[in-house]
Amino acid sequence: VVQLVESGGGSVQAGGSLRLSCARSGNINSVQSMGWLRQGPGQEREVIAVINRGGEETDYADSVKGRFTIAQDNAKRTLFLQMNALKPEDTAMYYCAADFRGFSLRWLLRHPDSYNFRGQGTQVTVSS
């Protein structure tokens, strides 16, 4: 079991930046990959960024590529999502999620229901 707690959400104007954090505890040595997911009003949950266990590989949804960056600290206890050039369509609840089963990043990016654990989320609101 792993516990995930997101923080860093808030309200910003379009063009602004936010940095989300995801504090991890519990059996984090069993985590294979991590992802950031989001769900906007009336929308399906989508995976926007993924990172492998060692942090060397990342992948992004086209909607955030070039604007968002996923990273983790050296102790691998905190996951980050740096969000720049925010747009109103980025408004959503943002979640971090953990995969224990070793799916590929390509799979995890396309299958939001594949993760074993997910946090409670942090709200991001972008105004125009």
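Position 1 is the first residue of the sequence, and the numbers go up from there.
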Practice prompt. Using side chain to side chain contact (heavy atoms under 4.5 Å, CB included) as the criterion, point out the one residue from Asp99, Leu108, Leu4 that pairs with Met34.
Written response: Leu4
Discussion item. Is there a side chain to side chain contact (heavy atoms under 4.5 Å, CB included) between Asn52 and Ser33? Walk through the geometry before answering.
Written reply: CA-CA 4 Å; Asn52 72 333; Ser33 297; 4.3 Å; yes
Worksheet item: CD1/Ile51 to CD/Gln72 distance, rounded to the nearest 0.5 angstrom?
Response: 4.0 Å
Item to complete: Name all residues meeting the salt bridge (Lys or Arg N to Asp or Glu O under 4.0 Å) criterion together with Asp90; count only those two or more places apart in sequence or in a different chain, and write none if there are none.
Response: Arg38, Arg67
Fill in: Interatomic distance, Tyr95 atom OH to Trp36 atom CH2 [nearest 0.5 angstrom]
12.0 Å
Item to complete: Check Ala98 against Val2 and note the closest heavy-atom contact, atom names and distance.
Response: CB-CG1, 4.1 Å
Discussion item. Counting C-beta onward and ignoring hydrogens, is there a side-chain heavy-atom pair between Phe80 and Leu20 closer than 4.5 Å?
Written reply: no
Discussion item. Ser17: which residues meet the side chain to side chain donor-acceptor pair (under 3.5 Å) condition with it, sequence neighbours left out?
Written reply: Asn84
Discussion item. With rounding to the nearest 0.5 angstrom, report the CD to CD distance, Gln43 to Glu89.
Written reply: 9.5 Å
Worksheet item: Do Tyr60 and Thr69 touch side chain to side chain, with heavy atoms closer than 4.5 Å?
Response: yes
Worksheet entry | Ile48-Leu86 co-clustered via ILVMFWY side chain contacts under 4.5 Å | yes
Worksheet entry | Partner set under ring-ring contact (aromatic ring centres under 6.0 Å, His included) for Phe117, not counting sequence neighbours | Phe100
Practice prompt. Measure the spacing between CE of Met93 and OG1 of Thr125 and express it to the nearest 0.5 Å.
Written response: 8.5 Å
Discussion item. Gln32: which residues meet the side chain to side chain donor-acceptor pair (under 3.5 Å) condition with it, sequence neighbours left out?
Written reply: none
Worksheet item: Just by distance, with hydrogens left out, do Ser25 and Gln3 show a side-chain donor and acceptor under 3.5 Å apart?
Response: yes
Item to complete: Output the distance between atom CZ (Phe103) and atom CG (Leu109), rounded to the nearest 0.5 Å.
Response: 14.0 Å
Worksheet item: Is there a chain of hydrophobic side chains (I, L, V, M, F, W, Y, each step under 4.5 Å between heavy atoms) that links Leu37 to Val124?
Response: no
Worksheet item: Is the closest side-chain heavy-atom distance between Thr78 and Ser21 below 4.5 Å?
Response: yes
Discussion item. Contact between Leu81 and Phe68 at the side-chain level, heavy atoms closer than 4.5 Å - yes or no?
Written reply: yes
Worksheet, complete the sentence: Smallest heavy-atom separation, Ser127 atom then Pro88 atom, equals C-CG, 4.5 Å
Fill in: Residue pair Leu79 / Cys96: nearest heavy atoms and the distance that separates them
CD2-CB, 4.0 Å
Practice prompt. Would you list the pairs meeting side-chain hydrogen bond (donor to acceptor under 3.5 Å, both in side chains) in which at least one residue belongs to residues 109-120, sequence neighbours left out?
Written response: Trp107-Ser114
Item to complete: Grab the two heavy atoms, one from Thr91 and one from Gln123, that are nearest each other, plus how far apart they are.
Response: CG2-NE2, 4.1 Å
Item to complete: Find out whether Glu44 and Pro112 are in side-chain contact, i.e. whether some heavy atom of one side chain is under 4.5 Å from a heavy atom of the other.
Response: no
Worksheet item: From Ile70 CD1 over to Cys22 SG, what is the distance, rounded to the nearest 0.5 angstrom?
Response: 9.0 Å
Response to the item:
Contacts of Gln39 meeting side chain to side chain donor-acceptor pair (under 3.5 Å) (sequence neighbours excluded), chain-then-number -> Arg45
Item to complete: Would you mind reporting whether Thr58 and Val50 have side-chain heavy atoms less than 4.5 Å apart?
Response: no
